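One structure below.
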There are 2 protein chains.
Amino acid sequence: MEYSEKQRQIMDVALALFADHGYHKTSIRDIARAAEVNVAMVSYYFGSKDKLLEAIFIHRFSTMREILRDIIYEKTHSPIEKVEKFIDIFIDMLVQHQLFHRLMMRESSVIKEGPLFDMIYELKTTNRRLVEKAVKNGQRLGVFRKDVDVFFMSSVLIGSVNQNLANHRYEMEHTQWTAEEKEIAKKNRINALRKHLKRMFIAYLTIDEGQ
Amino acid sequence: MEYSEKQRQIMDVALALFADHGYHKTSIRDIARAAEVNVAMVSYYFGSKDKLLEAIFIHRFSTMREILRDIIYEKTHSPIEKVEKFIDIFIDMLVQHQLFHRLMMRESSVIKEGPLFDMIYELKTTNRRLVEKAVKNGQRLGVFRKDVDVFFMSSVLIGSVNQNLANHRYEMEHTQWTAEEKEIAKKNRINALRKHLKRMFIAYLTIDEGQ
DNA sequence: TACAAAACTAAACAAACGTTTAATTTAAAC
DNA sequence: GTTTAAATTAAACGTTTGTTTAGTTTTGTA
């Protein structure tokens with residue numbers, strides 16, 4: 001699916017507004033105003049507001065799919081390195097697509113059917129399968145323990161990163177830092193997130209039960 | 001603040017609809033129909049739709065505040081037991097108030113000011129302070145490591161539980177189990193969540209760096 | 001029973017919503 | 001330069017929205 005510059009402009013503006021104020025709170029007139037186009041253009045190009053959301057999802061999903069697919073082909077030496085690499089790529093992905101990620105997380109709690117539901121379901125399943133693959137690899141090599149809950153692990157991965165970013169945004173609302181200071185604080189926070197998430201996962205995966 | 005039976009009925013119905021379909025997607029007429037009252041009653045009792053949401057938040061928050069406050073007075077023997085107890089109470093709280101928790105999580109991403117923002121901010125801060133207290137206690141007794149990131153830990157706690165419950169709901173949409181079977185599956189899932197979350201936290205808190 | 005306050009109702013309100021229409025401008029092709 | 005299709009516009013469409021009004025019923029009190 002190819003989009004003209006104007007179509008992409010509408011999609012980008014809509015994504016930002018949807019992420020900031022929610023899908024239903026954002027009106028087509030809000031989008032048109034921010035994108036500096038006529039209100040009729042959204043229907044003209046995308047058919048409807050729902051279809052616009054769907055177009056945004058399809059567009060962003062194809063990128064995320066590629067990133068997740070690339071994780072498999074990452075050549076690493078040990079199972080631990082593989083887990084660390086996985087976490088790095090995963091965090092990079094969510095940070096890079098943070099607006100879309102926020103939108104998806106928010107709407108996923110009320111979407112119960114249709115193409116968007118299927119896409120989100122696919123993403124969650126893919127994510128879980130990749131975690132499972134990495135875990136089983138480590139188990140086969142005798143590095144990881146046997147009784148690891150993959151459902152739990154994938155929940156922790158996406159849930160922790162998501163909550164960490166959300167909390168950080170919340171705290172930033174209370175500060176009066178400059179944009180530059182906020183950028184530095186964000187980088188530090190993400191680096192801390194990487195470090196502790198890796199440590200926590202590896203501790204959970206390798207620790208001996210016999211205490 | 002005391003509410004009559006009818007007022008509580010409206011609040012309960014509204015909470016369920018808000019949690020299931022989102023605040024902005026749910027109309028006052030939807031609420032009135034489900035609660036079997038006249039549309040004007042919502043404005044009559046609560047003033048406006050926003051105030052109704054606020055009333056729901058205030059009402060549920062007072063309960064959650066009490067639960068979190070009780071955690072401090074939990075008498076336990078060791079720091080590890082304290083962490084385990086904390087996780088148990090926390091999960092109990094989110095499961096018991098799962099509708100409200102879903103609503104709060106969803107709306108917290110778009111609420112940027114006002115009384116609801118302040119309440120959510122307070123809850124996050126309280127939660128983090130309690131985690132900090134438990135961690136420092138363990139550090140003082142030489143059981144936990146020194147370089148623990150409390151911001152990270154509180155994010156992992158709420159994020160993991162939230163994501164786990166959300167994923168479980170997502171998977172349930174695809175099955176055709178009976179209500180009873182779903183209830184059993186849910187219980188099992190929550191028990192697994194308890195077990196693995198405790199194990200993971202304790203592994204992260206106690207493991208030696210010198211590997 | 002009389003009365004005042006509270007509870008409740010149907011109807012109407014203006015505003016905002018997503019979408020469509022009909023007309024006009026722009027761009028491309030011949 | 002003419003023609004044809006695409007892009008763009010302002011205006012209007014019918015619904016739905018949250019809220020208010022004005023009137024009725026119920027309830028509690030003296």
Side-chain angles (χ1 to χ4, degrees), chain A residues 1-59 103 106-107 110-117, chain B residues 1-59 103 106-107 110-117:
Chain A
M1 192 69 62
E2 287 297 314
Y3 294 109
S4 71
E5 195 178 335
K6 205 140 228 170
Q7 291 175 72
R8 262 189 279 109
Q9 189 188 350
I10 292 173
M11 287 170 76
D12 288 346
V13 164
L15 172 58
L17 290 174
F18 288 162
D20 268 7
H21 310 112
Y23 173 72
H24 285 102
K25 177 74 181 172
T26 305
S27 73
I28 288 191
R29 284 172 177 83
D30 291 336
I31 298 167
R33 196 179 312 118
E36 293 178 307
V37 297
N38 191 278
V39 271
M41 295 311 288
V42 173
S43 298
Y44 177 73
Y45 276 131
F46 299 96
S48 69
K49 194 188 173 187
D50 278 347
K51 293 262 186 66
L52 168 59
L53 180 66
E54 203 179 310
I56 292 172
F57 262 70
I58 290 172
H59 180 239
L103 169 63
R106 186 180 146 84
E107 299 307 326
V110 297
I111 295 173
K112 268 122 189 168
E113 52 180 3
L116 299 195
F117 182 94
Chain B
M1 193 68 63
E2 287 297 314
Y3 294 109
S4 70
E5 195 179 334
K6 205 139 229 169
Q7 285 171 318
R8 263 189 278 108
Q9 189 189 348
I10 292 173
M11 288 170 76
D12 288 347
V13 164
L15 171 58
L17 289 174
F18 287 162
D20 267 8
H21 310 111
Y23 173 72
H24 285 101
K25 177 76 182 172
T26 305
S27 73
I28 287 192
R29 284 172 176 82
D30 291 335
I31 298 167
R33 196 179 311 119
E36 293 177 309
V37 297
N38 192 278
V39 269
M41 295 311 290
V42 172
S43 298
Y44 177 73
Y45 276 130
F46 299 95
S48 69
K49 192 187 174 188
D50 277 348
K51 293 263 186 66
L52 168 61
L53 180 66
E54 204 178 309
I56 292 172
F57 262 71
I58 290 172
H59 180 240
L103 170 64
R106 186 181 146 84
E107 298 306 325
V110 297
I111 295 174
K112 268 122 189 168
E113 51 179 4
L116 299 195
F117 182 94

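If you're wondering where the values come from, they're calculated on a predicted model, not measured in any experiment. Note on naming: letters A, B, ... go to the chains in the order of the sequence lines (proteins, then strands), and numbering restarts at 1 for each one.
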| request: Answer yes or no: does a side-chain N or O of B/Y44 lie under 4.0 Å from OP1 or OP2 of C/dC8? | output: no
| query | Given atom CZ of A/F46 and atom C1' of D/dA7, what is their separation to the nearest angstrom? | reply | 14 Å
| query | Base, sugar-phosphate, or nothing for B/T26, non-hydrogen atoms under 4.0 angstrom? | reply | sugar-phosphate
| said: Of the listed nucleotides (D/dT20, C/dC8, D/dA7), which one gets closest to any side-chain atom of B/S43? | reply: D/dT20
| request: Rounded to the nearest angstrom, tell me the gap between atom CD1 in A/I10 and atom C1' in D/dT8. | output: 11 Å
| request: Examine B/K49 relative to B/Y23 and say whether NZ or CZ is less than 6.0 Å from the centre of the six-membered ring and inside a 45° cone about the ring axis. | output: yes
| said: Rounding to an integer number of Å, can you tell me how far A/E5 CD sits from D/dA7 C1'? | reply: 15 Å
| message | Just the rounded figure in Å: distance from P of D/dG18 to CG of B/D50. | response | 10 Å
| field | Listed nucleotide nearest any side-chain atom of B/A40, set D/dT19, D/dT20, D/dT8 | value | D/dT20
| Check: A/T26 side chain, A/H21 main-chain N or O, donor-acceptor pair, under 3.5 Å | no
| query | What is the distance from CD of A/E36 to C1' of D/dT8, rounded to the nearest Å? | reply | 15 Å
| request: Give a yes/no answer on whether the side chain of B/K6 brings an N or O atom under 4.0 Å of OP1 or OP2 in C/dC8. | output: yes
| query | From the list D/dT9, D/dA7, C/dA12, which nucleotide is the closest neighbour of the side chain of A/N38? | reply | D/dT9
| request: For side chain to side chain contact (heavy atoms under 4.5 Å, CB included), just list the numbers for B/V13 and B/E36, CA-CA rounded to whole Å, side-chain angles, deciding distance to a tenth of an Å, and then say yes or no. | output: CA-CA 10 Å; B/V13 164; B/E36 293 177 309; over 6 Å; no
| task | Round to a whole Å and report the spacing from CZ of A/F18 to C1' of C/dG18. | result | 12 Å
| said: Can you confirm whether more than 12 heavy atoms, excluding those of B/K112, are under 6.0 Å from its NZ atom? | reply: yes
| How is B/Y45 classified with respect to the nucleic acid when contacts are heavy atoms under 4.0 Å: base, sugar-phosphate, or nothing? | sugar-phosphate
| note | With the side chain defined as heavy atoms from C-beta on, A/R29 is closest, among D/dA11, D/dT19, C/dG18, to C/dG18
| request: Indicate, with a heavy-atom threshold strictly under 4.0 Å, whether A/S27 touches base, sugar-phosphate, or nothing. | output: sugar-phosphate
| Residue whose closest nucleotide on DNA chain D lies nearer the 5' end, B/K25 versus B/G47 | B/K25
| request: Grab the CE-C1' distance between A/M41 and D/dA11 for me, whole Å please. | output: 16 Å
| request: Mind telling me whether B/Y3 and B/F46 have parallel, tilted or perpendicular rings, with 30° and 60° as the class edges? | output: tilted
| task | Take atom NZ of A/K49 and atom C1' of D/dT15, then tell me their distance rounded to the nearest Å. | result | 15 Å
